[in-house]
Structures are given as structure tokens and as C-alpha cells.
Asks: 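I have a structure here, written as C-alpha cells, and I will follow up with some questions on it.
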Amino acid sequence: MSTETMEARDFLAARIAGGVPKAAVVLGSGLGAFADELEQRVEIPYGAIPHWPVSTAIGHAGKLVFGAIEGLPIVVMSGRAHLYEGNTPAQAAFGVRTLGRLGVRVIVFTNAAGGINLDYSQGALVLISDHINLQGSNPLTGPNDDSLGPRFPDMSEAYAVRFRQIAREAARESGFEMPEGIYAAVSGPSYETPAEIRFLRTIGADLVGMSTVPEVIAANHMGLGCLAISCVTNMAAGIAQRKIEHQEVLETGRLVRGRLVSLLKAVLPRLVMEVS
Ligand code: HPA
């Protein structure tokens, strides 16, 4: 995997004109709109990048977009590799590792999630303060790649406190409050049962989803700063007395796009300042 991420990095490095981005954004299901906002866009389909896993999930574009917001170079992963597509945990972490090798220092993850905390409502944007990994796997299993990070990386502040403060302030400036919550990562692809949701609430989860955690583990391994924002696309199973449908997940994602785009635009330059 090490030589693969370096080959992908070299391929990308040869194609960036506007400077190496310090910040990356990973866009979740139905949240792809942000990529269209970049100035001087250069789009590279995942299929064109050596070894990059191609995402098959509906609602995911499957391309890397280089560009800028107000002159600040950034890179956007529009679409990600999920475990439920049959990807290994290392494949799920491939994009993050390649971007880390390219020089990215800050990554903002977005995802669609089910709301477990009854204080949330559909369409809410929630800052992930911590996670519980219930996927039964970890991208760091196997021989440790010492060029990426240590064998036993610390995860006690996986989602940087300072980044969360910055995001909360930016949300407030845009006129909304962003609560924090604990994200439980499951493998999917079936949605949870109501009994599983009661279990997740009991163990302290506020949100449930099928992504992000392998990427955040890989990012922390490399010492990258992480911020993660969940869009509550639906209340979790058994809360509203109706079925959960992927279509609804995508539609809610589209409804919050404006709020998410302006939040990301406000937050990214401040996060980059923080690590400069
Ligand atoms: N469960 C798991 N993942 C999800 C959900 C959910 O309810 N909604 C969006 N992603």
C-alpha cells in the first residue's frame, strides 16, 4: 500500500498547477455540491489515478477536484470508498493517505448520518467530537508503515478541539448553532434495526453512519488535523415510525448543501491558518 500511495501521489503532484493544497475536504452522500464552488477547477476521475479505489455508491461522484476558494488551494474528494462496497480498510484509507503524502495537513470530513440523539432533527449539521468504531476492522492492521506514522497512534483527540471551536464559531456567524456528537461507525450496508439503535444510544452514540472512521484513523496515524461534520439525513431506525430510504438520505443532503457550502468556505482558511 505504501508504494501505491506514493505512485498515486506522484501522479497527482505532476498535475497540480495552483500549488500544493494544505487542506482537503471529503464529501459524503448527497453532499457533492461543494466541489462545484471551487475556482480554477481541475477534476481527476478516481479511475484515472493509479491504484485509487473507484467508488460505486449512488450519490458519490468519484472524482478528485483540485481548485481554490478565495485563492486558497484545496482539494476535494467527491466520493469515498466504503467498506460495504467490498473495499478493504486500507482501500478506504487510500485517498487520505495519498493526500497526506501530497502535503495536505488538514482534512474536513463530511458524511450522511442517522440521528440517534433525540435533540437532533433531520437536516441538522453536527460536529463529530469523537467516534466509536464498530466496523470490526481498522486500516492500520498489518505491518506498520513507519513512513506514515507510529505502530500505536494516540486517538485521544482524533477530532481537534481547536478545529471544532473554529467550526462552531463559523456556524454561529452564519446564523446557526452546531451541536457536537459521538459518531458510531458500522459496516452497513443494511441500516440498523431499532434494537441496534437503542444499543448505540446506550453506549453513548449520537450519530450512526457507515464511513469516515477508517479515514480518520489513517489521518490521525499520519498526524493530520481532522474536522468532521455529519449531516443528519434521517432520524435513526425506530425513532420516526417509518422506513429509512437511501433516496431520503440523498434528498436531505441536497437540502443542507447551501449551509454546508458556506460553512466550509468560512472554516477552511481558518483551519489552514491554524496549522501554518
Ligand atoms: N444509518 C447508518 N448510516 C446512515 C444512516 C443511518 O440511519 N443515514 C445515513 N447514513
Side-chain angles (χ1 to χ4, degrees), residues 1 4-5 8-9 11-12 15-16 21 23-38 41-67 69 74-102 104 106-114 125 128 135 139 183 185-189 209-219 224 226-231 233-234 246-257 260-261 263-264 268:
M1 199 46 84
E4 279 100 327
T5 49
R9 185 264 322 267
F11 174 91
L12 296 172
R15 281 160 186 78
I16 318 176
V25 179
V26 182
L27 296 174
S29 301
L31 303 173
F34 179 68
D36 303 332
E37 299 283 320
L38 301 191
R41 268 197 312 281
V42 177
E43 301 192 353
I44 307 177
Y46 290 159
I49 308 169
H51 314 292
W52 198 290
V54 176
S55 60
T56 61
I58 300 168
H60 282 257
K63 62 186 178 189
L64 202 57
V65 186
F66 288 90
I69 42 168
I74 65 159
V75 54
V76 174
M77 274 174 62
S78 190
R80 54 154 58 96
H82 300 89
L83 300 180
Y84 64 72
E85 295 169 274
N87 291 300
T88 62
Q91 283 172 318
F94 186 89
V96 163
R97 285 180 169 155
T98 301
L99 295 181
R101 285 205 192 275
L102 190 65
V104 161
V106 168
I107 308 198
V108 180
F109 298 92
T110 66
N111 61 42
L125 295 176
I128 299 180
Q135 294 189 315
Y183 178 90
V186 295
S187 66
M210 306 173 191
S211 69
T212 307
V213 162
E215 296 157 316
V216 167
I217 293 171
L224 310 183
C226 296
L227 179 76
I229 301 166
S230 281
C231 168
T233 53
N234 55 281
H246 187 55
Q247 202 49 41
E248 182 180 8
V249 168
L250 296 184
E251 275 160 23
T252 310
R254 278 191 279 274
L255 287 177
V256 304
R257 61 190 274 174
L260 186 63
V261 164
L263 184 69
L264 290 172
L268 283 161

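Nothing here was measured: the structure is a model prediction, and the numbers come from that model.
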Asks: Please name all residues satisfying side chain to side chain donor-acceptor pair (under 3.5 Å) with S230, sequence neighbours left out, ordered by chain then number.
Replies: N111

Asks: Give the minimum heavy-atom separation between I49 and A8, together with the two atoms involved.
Replies: CG2-CB, 4.0 Å

Asks: Are the side chain of E37 and the backbone of F34 linked by a donor-acceptor contact shorter than 3.5 Å?
Replies: no

Asks: Before you tell me yes or no, could you show the steps for R15 and V42 under side-chain contact (heavy atoms from CB on, under 4.5 Å), namely the whole-Å CA-CA distance, both residues' side-chain angles and the distance that decides it to 0.1 Å?
Replies: CA-CA 9 Å; R15 281 160 186 78; V42 177; 5.8 Å; no

Asks: What pair of heavy atoms forms the shortest contact from A112 to V249, and how long is it?
Replies: CB-CG1, 3.8 Å

Asks: Do the side chains of V26 and E215 get nearer than 4.5 Å, heavy atoms only?
Replies: yes

Asks: Distance-only, no hydrogens or angles: does the R257 side chain make a donor-acceptor pair with backbone N or O of G253 under 3.5 Å?
Replies: no

Asks: Checking N234 now: which residues fulfil side chain to side chain donor-acceptor pair (under 3.5 Å) with it, not counting sequence neighbours?
Replies: none

Asks: Once side chain to side chain contact (heavy atoms under 4.5 Å, CB included) is applied, do any residues pair with A23, and if so which ones, sequence neighbours excluded?
Replies: I74, V106, L268, V272

Asks: Any side-chain heavy atom of T110 within less than 4.5 Å of one from C231?
Replies: no

Asks: What's the shortest heavy-atom distance between A219 and C226, and which atoms?
Replies: CB-SG, 3.5 Å

Asks: Who pairs with R254 by salt bridge (charged side-chain N to carboxylate O under 4.0 Å, His left out), at least two apart in sequence or on another chain?
Replies: none

Asks: Could you check whether any side-chain N or O of Y183 sits under 3.5 Å from a backbone N or O of S211, counting only pairs where one atom can act as donor and the other as acceptor?
Replies: yes

Asks: Does E43 have any side chain to side chain donor-acceptor pair (under 3.5 Å) partners at least two apart in sequence or in another chain, and if so, which?
Replies: K63

Asks: List for me each residue that meets side chain to side chain contact (heavy atoms under 4.5 Å, CB included) alongside R9, sequence neighbours excluded, and say none if there are none.
Replies: M6, T98, R101, L102

Asks: Nearest 0.5 Å please: distance from the CD1 atom of I229 over to the CG atom of L227.
Replies: 5.0 Å

Asks: Do F109 and I128 come within less than 4.5 Å of each other through their side chains, counting heavy atoms only?
Replies: no

Asks: As an exercise, state the distance from CG of L99 to CG of L64, rounded to the nearest 0.5 Å.
Replies: 5.5 Å

Asks: Do M77 and W52 have side chains that approach each other closer than 4.5 Å (heavy atoms only, starting at C-beta)?
Replies: yes

Asks: Got a donor-acceptor contact below 3.5 angstrom from the N87 side chain to the H82 backbone?
Replies: yes

Asks: If only atom types and distance count, is the side chain of Q91 paired as donor or acceptor with the main-chain N or O of P53 below 3.5 Å?
Replies: no

Asks: Grab the two heavy atoms, one from P50 and one from F94, that are nearest each other, plus how far apart they are.
Replies: O-CZ, 3.9 Å

Asks: Checking side-chain contact (heavy atoms from CB on, under 4.5 Å) against V25, which of I107, I69, V65, V76 comes through?
Replies: V76

Asks: Give me the atom names and distance for the closest heavy-atom approach of Q135 to M210.
Replies: NE2-O, 3.6 Å

Asks: Decide yes or no for L12 and F66: does some side-chain heavy atom of the first lie under 4.5 Å from some side-chain heavy atom of the second?
Replies: yes

Asks: From L255 CG over to L260 CG, what is the distance, rounded to the nearest 0.5 angstrom?
Replies: 12.5 Å

Asks: So, for L27 and S78, which heavy atoms are closest and what is the spacing to 0.1 Å?
Replies: CD1-OG, 4.2 Å

